[in-house]
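Shown next, in structure tokens, is the structure this report addresses.
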Amino acid sequence: MARIDIAPQGINPPHTHPRATEILTVMEGRILVGFVTSNPENRLITKLLQKGDVFVFPKGLIHFQKNVGNGYAAAIAALSSQNPGVITIANAVFGSNPDIAADILAKAFQVDVNLVYQIQSKF
């Protein structure tokens with residue numbers, strides 16, 4: 001289990017737990033949550049949660065949380081494994097060590113290679 005405290009308009013960025021399902025219970029505030037289904041659909045599922053609401057993020061799917069309230073939000077995350085793992089998507093893609101080749105990322109994201117270098121420099 002983990003407690004998540006999110007500042008106003010703050011986020012827990014897109015990430016995944018490769019070895020666990022996550023159940024999130026909102027203790028305080030309003031949190032927008034979402035996850036993306038797997039290929040080929042890649043459908044975004046979102047829900048605005050209030051205090052007392054519970055939401056399930058399926059094992060291995062990319063998900064996020066955003067505090068949409070004016071005050072701090074708090075939640076408890078329960079994971080179905082003692083070793084759930086976490087992969088933060090932006091860090092993994094743009095902050096790998098060594099870097100994923102910029103030409104590969106440029107083609108994958110359909111952007112100019114210079115934009116990839118710019119994003120990688122932030123990690």
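Heavy atoms only: backbone and side chains are in, while hydrogens, waters and symmetry mates are out.
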To the nearest 0.5 angstrom, please state how far the CD atom of Gln120 sits from the CG atom of Asp99.
4.0 Å

Check the hydrophobic clustering (I, L, V, M, F, W, Y; side-chain heavy atoms under 4.5 Å; chains of links allowed) and say if Ile4 and Val26 are grouped together.
yes

Could you check if a side-chain atom of Val33 sits within less than 4.5 angstrom of a side-chain atom of Phe57, using non-hydrogen atoms only?
yes

Any ion pair linking Lys51 and Asp53 (charged N to carboxylate O, less than 4.0 Å)?
no

Smallest heavy-atom separation, Asp112 atom then Asn114 atom, equals OD2-N, 2.8 Å

Identify the two heavy atoms, one from Thr21 and one from Pro58, that lie closest to each other, and give their separation to 0.1 Å.
OG1-C, 4.2 Å

Pair Phe94 + Phe109: ring centers closer than 6.0 Å:
yes

Tyr72, OH: over 12 other non-hydrogen atoms inside 6.0 angstrom:
no

Identify the two heavy atoms, one from Tyr117 and one from Ala102, that lie closest to each other, and give their separation to 0.1 Å.
CE2-CB, 3.4 Å

Which value, rounded to the nearest 0.5 Å, describes the distance between Phe55 atom CZ and Thr46 atom OG1?
8.0 Å

Other residues, nucleotides and ligands only: do more than 12 of their heavy atoms fall within 6.0 Å of CG on Asn70?
no

Tell me if a side-chain donor or acceptor on Gln50 pairs with a main-chain N or O of Glu28 at a distance below 3.5 Å.
no

So, does Asn67 use its side chain to make a donor-acceptor pair with the main chain of Gly69 at under 3.5 Å?
yes

Mark yes when over 12 heavy atoms from residues, nucleotides or ligands other than Gln9 sit less than 6.0 Å from its CD; otherwise mark no.
yes

Taking the side chain as every heavy atom from C-beta outward, state whether Leu61 and Thr16 have any atom pair closer than 4.5 Å.
no

Lys66 side chain reached by Ile31 side chain, heavy atoms, under 4.5 Å
no

Do Val111 and Val116 have side chains that approach each other closer than 4.5 Å (heavy atoms only, starting at C-beta)?
yes

Side chains of Gln65 and Ile6 in contact at under 4.5 Å (non-hydrogen atoms):
yes

Under 3.5 Å: donor-acceptor pair, side chain of Asp5, backbone of Ala74:
no

Same cluster or not: Ile89 versus Leu115, using hydrophobic residues (I, L, V, M, F, W, Y) connected whenever any side-chain heavy atoms lie under 4.5 Å apart?
yes

Is there a chain of hydrophobic side chains (I, L, V, M, F, W, Y, each step under 4.5 Å between heavy atoms) that links Leu32 to Val56?
no

Keeping Ser96 on the side-chain end and Ile100 on the backbone end, is there a donor-acceptor pair under 3.5 Å?
yes

Val86 backbone acceptor or donor facing His15 side chain under 3.5 Å
no

Distance flag, aromatic centroids of His63 and Phe35, threshold under 6.0 Å
no

Determine whether Leu24 and Met27 fall in the same hydrophobic cluster, where Ile, Leu, Val, Met, Phe, Trp and Tyr are linked whenever their side-chain heavy atoms lie under 4.5 Å apart.
no

Hey, what do you get for CG (Asn12) to CZ (Phe64), rounding to the nearest 0.5 Å?
10.5 Å

Non-hydrogen side-chain atoms of Ile87 and Pro18 separated by less than 4.5 Å:
yes

Quick one: are Val93 and Leu105 in side-chain contact, heavy atoms under 4.5 Å?
yes

Within the distance-only criterion (no hydrogens, no angle test), does the side chain of Ser81 pair as donor or acceptor with the backbone N or O of Asn83 below 3.5 angstrom?
yes

